[in-house]
Amino acid sequence: MKIWYNKIHESRRALLETEEEVVHIGRDAANLLVLKSPLVAKRQAIVRYADGKLTIENVGLNSCMVGERELIGGEQAEVPAGETLRIWPYTLTFEMEHAAPISRTEMESHLRTVMADLELRVHRKLLERFDVYELDASRMGDDESILMLERNIEDVCREMKLFGEGNHALLEEVIGLVLRDLVINQMILESDREERSAVAGLTYNEFDVPATLVPERETELANLLMFARERMELDAQPDLSAQINRVEAKFNQIFPLLRPHLHEELKRYIVLRTLKKDLKDTVFGYGPLQDLLRAPTISEIMVVQSDQIYVERAGVIELSGRRFISDKVTESIIERIVAQVGRRIDKSQPLVDARLADGSRVNAIIPPLAVRGPCLTIRKFPVHRFSMDDLIELGSITSPAAMFLRACVINRRNLLVSGGTGTGKTTMLNVLSSFIPHRDRIITIEDTTELQLHQEHVVTLETKPANVEGTGEYSIRDLVKNALRMRPDRVIVGECRGGEALDMLQAMNTGHDGSMTTIHANNTDDVLKRLEVLVLMAVDLPVSSIQRQIASAIDLVVQITRLPGGKRTVTQISEVLGYDADRKELTVIDIFNYRDGVSLRPTGYLPSYIDELMDRELLKLEFLYGNEEEETQDGKSAQKEASSEVGAD
């Protein structure tokens, strides 16, 4: 029996060969397979091979995964051939007679690590020739500096004998990954050049084509990519995301057809072309993040360490296989990002919130606060602005609930959107704001601008951090106070996190009906308790007085939840009915709630202002409370087809 194993974030695998049919796994030295991690139990698992079957028994307290099945202590399961076993932070693959199968994800991660190692070696050689960081600071990607960088990359590759016979097989596999990336990037650029044309001042294709290009080789490369696209029938796919998913799933089957056309000169050109692009991205752009920022299937990018970059696709977090060259490069790119919006990050101010030009939210934290190295989180702002129809189609909300919310917004009801991190609160706020009449004057207030309202009469305000001297800070609370002097019809606060909650309630209670905000909470009961705490952060008032303020200010709470599969959905729409003096608490009643794990359905309770909605012909009662059986079937159908890409908080 052969057991291949490696840590989750490492691509190189270790091998244990044994003739034993029973293998004990754990961190204690007495085990046959020792996994050195405090997260692994002393005796974690027992693997048995008998009658051609492989079984595993979990004997530790920590769980382990067989494929997608989780085994808790005392459970056992059969391990299918080629299945991956996960004992955090390790993955294990078992080989009985033939070579251990390597998944497409593992192979991609390995090849990206090979490329990253190669780029690191080239980068070090470049630093011996000139100061790459000074090149970035002084010239910022002009033609002369780009040409000089590319020529030096070619010289370094020759010095390293990169294209020697010993590297041919590995480089050919790397070329397969490169061609796949080129197909994907080509489709993204073609999909919408105007909307995707800039990220913080750098065009998406600025560094894709080398300054030292060879027209003959470029023609050959273009023909290869066109051939691959035709074979994968990408034009038959309904949208860009479907095209990308098809490329990721099918390219490995197409690549053998491309191999005969890859002569040595073209291989050398493709590898050099890729090295030039990646290193130019590092020196002038966003390094390994550049391509990740393009991909519409990725909703979040998380840099844990320089060599660990995770992404979220369809609600699932996975390792990207990409890496920064070093911590210094990571910090340099973080500084480049935050400088675009006039903010700074250094040892005196090691924490910053910023945004990219497309609205994507950026949070960065560096040492000494981040002990293991610079950490970066980018929540991408979707190029496509979701509408309520999109949310209905994705199964995140039902048509009756959507129609009810539309009526409430038009009727100037004050709304509070609540949910956990990444549930889609900001997306929902964007969608609800689209129902505001165009004649209304709207003022939006956010830490970092994310809301994109459709109306013309919109004033956008953004907070400002303190300067080097510690002065000049303007908080959300300052902006809310100022907004009330700007003659708003509606005030929209991106998120209430502190004392600004009091000012928001005051605004809602003093003639600014139809205002909206978001808040972090697990359900509609918790959100009001959390709102009380936030108000107490601003002023010392009796809880009963705060509750009365909330009761008179907030009309409706919309709760959004992220389900286990990654799907985001509205789970409660509740009316804040008032303050119960006898029980000394707020009365909240669900109008819609998520039941039976199927869909959002009406409870039968009619909101206190239903007559007003109907008199203004904003809502038809028979539409709101239609055939519940039909509603259930619609919910089941939507649940099957729904994607989790509804947007991020």
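Quick caveat: nothing in here was measured; it's all calculated off a predicted structure. No hydrogens, no waters, no symmetry mates; every other heavy atom, side chains included, goes into these values.
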Asp291 vs Ile184, test: side-chain contact (heavy atoms from CB on, under 4.5 Å). Steps then yes/no. CA-CA 10 Å; Asp291 290 337; Ile184 292 174; over 6 Å; no
So that I can tick it off, tell me whether Lys529 and Asp526 are bridged by a salt bridge, with the cut-off set at under 4.0 angstrom between side-chain N and carboxylate O. no
Non-hydrogen side-chain atoms of Leu534 and Ile519 separated by less than 4.5 Å: yes
Determine the minimum heavy-atom distance between Ala521 and Ser418, stating which atoms define it. CB-CB, 4.3 Å
Answer whether the closest heavy-atom distance between the side chains of Arg441 and Val459 falls below 4.5 Å. yes
Flag for Gln455-Asp440: side-chain donor and acceptor within less than 3.5 Å: no
Do Gln547 and Glu585 get their side chains close enough for a donor-acceptor pair, meaning under 3.5 Å? no
Side chain proximity check, Gln572 to Val557, heavy atoms < 4.5 angstrom: no
Straight-line distance of Leu415 CG to Phe435 CZ, nearest 0.5 Å: 11.0 Å
To the closest 0.5 Å, what do you measure between OG1 (Thr398) and CZ (Phe592)? 6.0 Å
Check for a donor-acceptor pair, side chain of Gln186 on one end and backbone N or O of Leu182 on the other, with a separation under 3.5 Å. no
Where do Ser396 and Thr569 come nearest, in terms of heavy atoms and distance? O-OG1, 3.1 Å
Going by heavy atoms in the side chains, are Arg548 and Ser544 under 4.5 Å from each other? yes
From CA spacing to verdict: side-chain contact (heavy atoms from CB on, under 4.5 Å), Glu230, Asp235: CA-CA 8 Å; Glu230 290 174 354; Asp235 292 340; over 6 Å; no
Does Glu612 pair with Arg413 as a salt bridge, N-O distance under 4.0 Å? yes
Between Glu500 (side chain) and Val480 (backbone), is there a donor-acceptor pair under 3.5 Å? no
Judged by atom type as modelled, is there a donor-acceptor pair below 3.5 Å linking the side chain of Ser574 to the main-chain atoms of Val588? no
Looking only at the side chains, is there a donor atom on one of Thr603 and Asn593 sitting less than 3.5 Å from an acceptor on the other? no
Is there a donor in the side chain of Asn363 and an acceptor in the side chain of Thr377, or the other way round, less than 3.5 Å apart? no
Passing candidate, side chain to side chain donor-acceptor pair (under 3.5 Å) with His520, options Arg530, Glu495, Arg497: Glu495
Can you find a side-chain donor-acceptor pair between Ser608 and Glu575 that sits under 3.5 Å? yes
How many angstroms lie between atom CG of Leu577 and atom OG1 of Thr587, to the nearest 0.5 angstrom? 6.0 Å
Please report the shortest heavy-atom distance between Phe251 and Val183, naming the atom on each side. CE1-CG2, 4.4 Å
For the residue pair Ile333 and Leu376, establish whether any side-chain heavy-atom pair is separated by less than 4.5 Å. no
Quick check for you: to the nearest 0.5 Å, what is the distance between Met516 atom CE and Asn430 atom CG? 9.5 Å
Taking all non-hydrogen atoms of both residues, which atom of Pro488 and which atom of His512 are closest, and how far apart? O-CD2, 3.1 Å
May I ask you to check whether over 12 heavy atoms, not counting those of Met226, lie within 6.0 Å of atom CE? no
For Asn523 and Gln559, which I'm curious about, is there any donor-acceptor pair between the side chains at under 3.5 Å? no
Between Val570 and Leu391, is there a side-chain heavy-atom distance shorter than 4.5 Å? no
When you look at Leu505 and Ile554, which way does the side-chain contact (heavy atoms from CB on, under 4.5 Å) test go after all the steps? CA-CA 8 Å; Leu505 291 178; Ile554 304 295; 4.1 Å; yes
Salt bridge between Glu312 and Arg562, side-chain N to carboxylate O under 4.0 Å? yes
Does the side chain of Asn411 reach to within under 4.5 Å of the side chain of Cys408, using non-hydrogen atoms? no
Atom pair CZ (Phe404) and CG (Leu556), whose distance is rounded to the nearest 0.5 Å: 5.0 Å
Please step through side-chain contact (heavy atoms from CB on, under 4.5 Å) for the pair Gln549 and Gln506, ending with a clear verdict. CA-CA 8 Å; Gln549 284 284 322; Gln506 297 281 34; 3.8 Å; yes
Contact between Lys250 and Glu233 at the side-chain level, heavy atoms closer than 4.5 Å - yes or no? no
Expected output: side-chain Lys380 to main-chain Ile298 donor-acceptor under 3.5 Å: yes
Test your reading of the model: is there a side-chain donor-acceptor pair from Arg246 to the backbone of Met232, 3.5 Å cut-off? yes
Taking every heavy atom of Asn414 against every heavy atom of Gly514, the minimum-distance pair comes out as OD1-N, 2.8 Å
Quick one: NZ on Lys567 to CG on Leu394, what's the gap to the nearest 0.5 Å? 8.5 Å
Please name the pair of heavy atoms, one in Asp513 and one in Arg490, separated by the smallest distance, quoted to 0.1 Å. O-CG, 3.8 Å
